[in-house]
Amino acid sequence: MRQSPEATPPFPAPAATALPLPPALPMDAALFLDVDGCLLPFAPRPDAVEVPPALLTRLTLLQQALGGALALVSGRNLATLDQLFAPQVFAAAGLHGVERRRLGHTGIAGDVPPALVRARDAAIALIEAHPGALVEDKGAALGLHWRMVAPENKAAAELALRAFAAGALSGLPDYQLQPGDHVIELRPRHADKGSAILAFLKEAPFAGRVPVFAGDDLTDEPGFRAVNALGGISVLVGDRAGSAARFRLSDPAAVHAWLGVPADPNPETSR
Ligand SMILES: O=P(O)(O)OC[C@H]1O[C@H](O[C@H]2O[C@H](CO)[C@@H](O)[C@H](O)[C@H]2O)[C@H](O)[C@@H](O)[C@@H]1O
């Protein structure tokens, strides 16, 4: 995976592949799971992902076995997470920790500043010049994607979208850039995945349990640091260098195996 300039550590980082496999999931875990790139393999577009039935069944069983202490912690918004994982409803943090909802509670959606609406409209106009690029309107956050741009045009599209996002940020004082896998996002900066995990851990049924968090991308790093500080289990998915995670799984299929999802007899449908 190519790293964004924002992610470049100031010193050579240990190879991610040197990290050990995580231990078996403790039954007193408070389990926090990133979605894209961790539970689900990447798809060409944000709306092209599907949750395999076996994964949904296993997450539901784990939620029960852990006394409800399982939460999705994602860059997607809560409404999209609920659509993806329907008919199940999980405790969840959305928009990289900005939205948070305990089971049985209603999540609070962030306000959408007018400058973000203007940025969305300008981004929609901009991507006309970059076929394959797309704008993901997440309400209080905005994703600019270039995964589907033709290989020969990808670098130019990435450059243009990153420059556009950096420019739009100047009109959004409470926002920050969130680099991700073939995406740059504008999102509120008052929360992150670490603060969301810490907030869950102050409440039942998460409080007093061993925090466990698996994720793949830069947005997951604050979550890894929060879990590490509490002596929990942080699991990098993939081989991104410079992660604070202490354990590693190679891909979503390995995450499924670790979580106890029965193997798919037809792997093409779940990868
Ligand atoms: O925190 P996550 O649950 O990992 O969400 C991070 C972003 O994931 C989505 O984008 C990524 O996945 C797409 C579907 O596989 C892919 O097409 C895209 O290239 C990836 O960047 C989602 O669309 C974003 O809103 C999330 O912030």
Side-chain angles (χ1 to χ4, degrees), residues 19-43 46-94 100-105 107 193 196-197 200-201 203-217 219-220 223-224 227 232-238 245-271:
L19 294 172
L21 292 170
L25 191 62
M27 277 303 111
D28 61 347
L31 181 58
F32 301 102
L33 296 166
D34 170 45
V35 176
D36 295 277
C38 173
L39 285 180
L40 305 179
F42 286 119
D47 58 5
V49 297
E50 284 179 12
V51 178
L55 172 62
L56 194 57
T57 301
R58 183 61 185 156
L59 292 178
T60 306
L61 286 173
L62 278 172
Q63 183 190 40
Q64 290 161 1
L66 298 173
L70 182 155
L72 305 173
V73 183
S74 176
R76 293 186 185 253
N77 62 25
L78 293 178
T80 306
L81 289 174
D82 286 348
Q83 282 166 12
L84 276 176
F85 289 86
Q88 297 303 327
V89 179
F90 296 102
R100 197 173 69 86
R101 181 197 60 210
R102 284 183 283 159
L103 212 52
H105 291 66
K193 290 195 179 187
I197 287 173
F200 277 123
L201 288 169
E203 303 161 346
F206 298 90
R209 289 176 161 268
V210 178
V212 178
F213 177 46
D216 68 306
D217 214 340
T219 179
D220 301 310
F224 295 148
V227 161
I233 299 169
S234 51
V235 185
L236 173 70
V237 181
R246 298 201 169 138
F247 300 94
R248 173 183 172 267
L249 289 165
S250 55
D251 55 22
V255 175
H256 292 191
W258 177 62
L259 294 176
V261 180
D264 187 337
N266 179 7
E268 288 310 305
T269 62
S270 68
R271 291 184 62 96

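Hydrogens, waters and symmetry mates are skipped; everything else that's a heavy atom, side chains included, is used.
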Evaluation steps, salt bridge (charged side-chain N to carboxylate O under 4.0 Å, His left out), between R101 and D82: CA-CA 11 Å; R101 181 197 60 210; D82 286 348; 2.6 Å; yes
Report the C-alpha separation of R246 and I233 in whole Å, then their side-chain angles, then the decisive distance to 0.1 Å, and conclude whether the side-chain contact (heavy atoms from CB on, under 4.5 Å) test is met. CA-CA 7 Å; R246 298 201 169 138; I233 299 169; over 6 Å; no
Using side-chain heavy atoms (C-beta onward) and a distance below 4.5 Å, is L40 in contact with P252? no
NZ/NE/NH1/NH2 to OD/OE distance under 4.0 Å, R248 and D216: no
Would you say L56 and F90 make side-chain contact, with heavy atoms under 4.5 Å? yes
Please report the shortest heavy-atom distance between P205 and A69, naming the atom on each side. O-CB, 3.6 Å
Any idea which heavy atoms bring L201 and P211 closest together, and the distance? CD1-CB, 3.8 Å
Where A29 and V212 come nearest, the two heavy atoms and their spacing: CB-CG2, 3.8 Å
Hey, does the side chain of H256 reach the backbone of P262 with a donor-acceptor pair shorter than 3.5 angstrom? no
Residue pair P46 / R76, side-chain heavy-atom distance below 4.5 Å: yes
For a side-chain contact (heavy atoms from CB on, under 4.5 Å) check, start with the C-alpha distance between F85 and V35, then their side-chain angles and the critical distance, and finish with the verdict. CA-CA 10 Å; F85 289 86; V35 176; 4.2 Å; yes
From L66 atom CG to D28 atom CG, the distance as rounded to the nearest 0.5 Å: 9.0 Å
Does the cation-pi check pass for R100 over F200, that is, NZ or CZ under 6.0 Å from the six-membered ring centre and within 45° of its axis? yes
Checking L59 against L259 for the side-chain contact (heavy atoms from CB on, under 4.5 Å) test, could you report, in this order, the C-alpha distance in whole Å, the side-chain angles of both residues, the deciding distance, and whether it holds? CA-CA 8 Å; L59 292 178; L259 294 176; 4.2 Å; yes
Rounded distance (nearest 0.5 Å) linking atom CG of D220 with atom SG of C38: 7.5 Å
Under 6.0 Å between the ring centres of F32 and F213? no
To the nearest 0.5 Å, what is the distance between CG (D34) and OG1 (T219)? 7.5 Å
Would you say that L25 contacts L62 through its side chain, given a criterion of any heavy-atom pair below 4.5 Å between the two side chains? yes
Minimum-distance pair of heavy atoms, taken over all atoms of P22 and W258: CG-NE1, 3.6 Å
Distance col, row F247:CZ vs L19:CG, nearest 0.5 angstrom, shows 9.0 Å
A245 to S234 - nearest heavy-atom pair and separation: CA-OG, 3.4 Å
Rounded distance (nearest 0.5 Å) linking atom CG of L33 with atom CG of L72: 6.5 Å
What's the spacing between K193 NZ and F224 CZ if we round to 0.5 Å? 8.5 Å
Tell me the closest heavy-atom pair linking L249 and L21, and the distance in Å. CD2-CD2, 4.0 Å
